[in-house]
Amino acid sequence: MAQIQQLENLPFIEYGTLTVDPVNNQHVYFKLNDSKTYLIELSEEGYAERVTRSFPTNSPYKRFRQGVSDAFKISTCARLKHIYRRQNVRDFASFCDSSRLRSIAPKVTQSVKENYRLVQKTLAESPVNGFGFRHLKSEHSDYYIAEDPTQESYCVPKKPIKDSVSGRSKEVCALSKELVALKTREEKYNFVAKVYRNRQALVKKAEESPAVCKSQIVSPSMVICENGGKDLHESLLKSYRRLTPSVFKNVCEFVAQQHSNNIILGDIKSENCVKKGVGEQVRLIDLDDMRPLTAAPLSLDLGTETLLTDNLFTKLVEGEKQAYFNADNYALLLTMMECSSFSIRHELDPNFLRVRPQVSVCNSRNTSSFSNWINKNILEPYRPAVIEFIKNPSVHTLPKSIFELMDWDNCQVTY
Ligand SMILES: Nc1ncnc2c1ncn2[C@@H]1O[C@H](COP(=O)(O)OP(=O)(O)O)[C@@H](O)[C@H]1O
Ligand SMILES: [Mg+2]
């Protein structure tokens with residue numbers, strides 16, 4: 001893999017020196033060591049066109065140098081790619097040669113040019129991986145430069161993050177307001193280019209839904225996703241907060257659409273649901289187990305133990321078609337319930353629960369909290385059927401999708 005030590009020294013992308021105007025990304029602030037900051041206008045493609053104005057480098061412009069996000073780095077990375085794509089040093093050189101900059105900092109502009117050529121050369125020499133990205137490593141960051149000009153490029157800082165969240169197979173290794181980078185925890189969980197290229201069409205189609213966070217695999221061990229906020233397990237189940245079930249409306253509609261196309265989700269749970277601020281809808285992440293029902297199971301992990309029953313599990317192993325839909329619906333209903341009801345949350349707490357009960361969680365315990373939730377949130381005519389389903393999802397099937405069964409206008413939290 002290519003090593004470019006000097007990448008961070010490149011004044012053009014060094015984030016202590018250059019920041020994108022957060023309001024108008026057609027501008028960047030460029031700081032030179034003459035204690036001045038320059039506002040530079042960018043072309044559509046991200047080339048520096050002209051220096052618009054300059055001001056002394058003290059507050060408020062100092063703020064731009066602080067808290068500089070990955071988003072900046074990423075957009076800079078995209079610019080780098082554009083320059084590289086064009087194979088045209090002239091635009092860049094003319095930026096460096098612009099009389100104002102050259103007269104102020106001839107040494108800096110010279111090193112910009114040299115570093116730029118080095119980056120360009122290193123990029124050209126590094127191979128394109130199975131996911132269409134060139135992987136460049138520097139001391140502080142990993143750069144994933146897309147081969148496809150319409151595709152975004154990414155910069156993943158190597159800075160470790162405190163209390164990193166992880167799932168069964170991936171862990172968060174970099175985080176910004178906009179993006180989450182996840183690394184596979186072990187080699188056995190690595191993405192296999194061939195398998196995942198085949199899955200791309202399915203996943204990309206699903207990501208058109210507002211109920212799903214966009215994602216992009218950039219190497220066999222790295223996926224970069226839109227930051228959808230905290231996952232519900234993390235943000236909710238450890239606190240005393242509850243959400244109204246209506247925040248799941250988009251997710252329920254999405255699951256219903258997928259089921260009507262014979263596609264199953266396979267791994268619905270609170271850890272795979274994320275949400276941003278108040279009033280925002282929940283969105284799904286981690287579609288690794290999503291697949292057409294006709295396809296052989298991708299793995300033997302057939303769902304989450306606590307959101308599946310023994311009898312359903314047996315039917316999944318036997319390949320019973322209806323059981324796959326029921327397993328998704330059961331997991332989705334329980335996830336919605338646990339996020340909107342204290343008592344159900346305790347019923348589902350792994351410390352209280354027998355993992356993968358024979359019949360269903362609500363059979364082994366007090367059914368009243370489940371019926372209470374159903375009476376408050378399911379449209380009246382369907383309540384008995386939903387109660388039967390919750391009691392034994394391997395025998396009973398929902399009469400309609402959860403999206404159609406919910407009383408969206410009146411749903412509420414329960415105790
Ligand atoms: N797009 C995202 N937005 C916010 N958090 C995320 C996102 N993707 C993953 N995470 C966090 O990382 C955890 C693990 O990611 P996930 O894709 O579910 O991996 P795994 O396959 O290991 O379950 C999630 O439970 C969540 O806390
Ligand atoms: Mg997950």
Side-chain angles (χ1 to χ4, degrees), residues 69-71 74 131 144 152 154 156-157 160-192 195-196 199-200 202-204 206-239 241 243 247-248 250-251 254-255 264-277 280-291 297-308 327-328 331-332 334-335 338-339 348 350:
S69 68
D70 298 342
I74 287 158
F131 299 98
Y144 295 93
E152 197 165 347
Y154 303 95
V156 179
I161 48 174
K162 256 203 302 187
D163 304 326
S164 160
V165 197
S166 60
R168 196 174 43 203
S169 58
K170 301 182 234 94
E171 94 184 293
V172 175
C173 68
L175 195 60
S176 76
K177 224 169 98 203
E178 286 81 14
L179 299 172
V180 174
L182 297 144
K183 206 168 165 37
T184 52
R185 277 145 63 93
E186 292 172 44
E187 211 165 291
K188 68 175 175 192
Y189 295 126
N190 277 6
F191 306 108
V192 180
V195 174
Y196 280 86
R199 279 173 42 81
Q200 278 308 292
L202 191 68
V203 173
K204 290 290 156 220
E207 287 174 356
E208 286 172 12
S209 162
V212 178
C213 282
K214 292 186 179 27
S215 67
Q216 178 65 52
I217 301 175
V218 295
S219 84
S221 59
M222 179 80 65
V223 57
I224 294 179
C225 313
E226 187 186 353
N227 188 346
K230 278 218 165 125
D231 78 62
L232 296 189
H233 189 81
E234 188 64 16
S235 68
L236 199 69
L237 302 187
K238 289 177 188 165
S239 76
R241 284 177 59 231
L243 293 171
V247 293
F248 284 91
N250 286 353
V251 167
F254 171 75
V255 173
I264 48 146
L265 276 295
D267 198 17
I268 300 173
K269 56 181 172 184
S270 55
E271 291 90 331
N272 288 339
C273 291
V274 290
K275 188 175 174 299
K276 281 192 167 152
E280 299 244 357
Q281 285 279 308
V282 166
R283 293 196 292 164
L284 289 174
I285 53 166
D286 191 3
L287 300 184
D288 290 354
D289 290 327
M290 181 171 106
R291 56 193 183 269
L298 283 179
S299 69
L300 274 180
D301 293 317
L302 290 170
T304 304
E305 300 272 317
T306 49
L307 301 180
L308 197 60
D328 270 356
L332 178 56
L334 290 195
T335 302
E338 74 177 331
C339 292
L348 297 178

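For ligands, and for the atoms within them, numbers begin at 1 and follow the listed sequence.
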Kindly identify the option in Ser169, Ser164, Gly229 whose heavy atom sits closest to atom 5 (N) of ligand 1. Gly229
Atom pair CZ/CD of Phe254 and Glu208 - distance to nearest 0.5 Å: 10.5 Å
Heavy-atom neighbours of Glu187 CD exceed 12 at 6.0 Å: no
May I have the step-by-step check of side-chain contact (heavy atoms from CB on, under 4.5 Å) for Asp286 and Glu271, ending in yes or no? CA-CA 9 Å; Asp286 191 3; Glu271 291 90 331; over 6 Å; no
Considering only the protein, which heavy-atom contact is closest to atom 3 (N) of ligand 1, and what is its distance? Gly228 N, 3.0 Å
For atom 11 (C) of ligand 1, the closest protein heavy atom turns out to be Val172 CG2, 3.8 Å
Under a 4.5 Å cut-off applied to non-hydrogen side-chain atoms, are Pro220 and Phe131 in contact? yes
OG (Ser215) and CD (Gln200) are apart, to the nearest 0.5 Å, by 7.0 Å
Between Asp267 and ligand 1, find which residue part has any heavy-atom pair under 4.0 Å and reply side chain, backbone, both or neither. neither
Looking at Asn227, which atoms of ligand 1 are within less than 4.0 Å of one of its heavy atoms? 3 (N), 4 (C)
What distance separates Arg283 CZ from Cys225 SG, expressed to the nearest 0.5 Å? 10.5 Å
Can you tell me if Glu234 has a non-hydrogen atom under 4.0 Å from ligand 1? no
Taking atom 20 (P) of ligand 1 as the reference point, the nearest protein heavy atom with its distance: Asp286 OD2, 3.4 Å
Which residue owns the protein heavy atom closest to atom 16 (P) of ligand 1, what's the atom, and how far is it? Lys170 NZ, 3.5 Å
Flag Arg168 as yes when one of its N or O atoms lies below 3.5 Å from any N or O atom of ligand 1, and as no otherwise. yes
NZ of Lys204 to CZ of Arg199, rounded to nearest 0.5 Å, is 11.0 Å
Verify the distance test for Asn272 against the Mg ion (ligand 2): any N/O/S atom under 2.8 Å, yes or no. yes
Using side-chain heavy atoms (C-beta onward) and a distance below 4.5 Å, is Ile264 in contact with Arg291? yes
Contacting atoms of ligand 1, where contact means under 4.0 angstrom from a heavy atom of Cys225: 1 (N)
Applying side-chain contact (heavy atoms from CB on, under 4.5 Å) between Val223 and each of Ile217, Val180, Thr184, Ile285, report the one that passes. Ile217
N/O/S atom of Asp286 inside 2.8 Å of the Mg ion (ligand 2), strictly under: yes
Report, in ascending order of atom number, the atoms of ligand 1 lying under 4.0 Å from any heavy atom of Val165. 27 (O)
Only heavy atoms of Glu226, strictly under 4.0 Å: list the atoms of ligand 1 that pass. 1 (N), 2 (C), 3 (N)
To the nearest 0.1 Å, how far is atom 14 (C) of ligand 1 from its closest protein heavy atom, and which atom is that? Gly167 N, 3.5 Å
Can you report which non-hydrogen protein atom sits closest to atom 6 (C) of ligand 1, along with the distance? Ile285 CD1, 3.8 Å
Note, Asp267 side chain near Asp288 side chain (heavy atom, < 4.5 Å): no
Can you measure from CD (Gln281) to NZ (Lys275) and round to the nearest 0.5 angstrom? 8.5 Å
Taking the side chain as every heavy atom from C-beta outward, state whether Val251 and Cys273 have any atom pair closer than 4.5 Å. no
Where is the nearest protein heavy atom to atom 25 (O) of ligand 1: which residue, which atom, and how far? Glu271 O, 2.9 Å
Counting non-hydrogen protein atoms only, what is the nearest one to atom 26 (C) of ligand 1? Give residue, atom name and distance. Asp231 OD2, 3.5 Å
Proximal atoms of ligand 1 relative to Val274 (non-hydrogen, under 4.0 Å): 4 (C), 5 (N)
Part of Leu182 with heavy atoms under 4.0 Å of ligand 1, whether side chain, backbone, both or neither: side chain
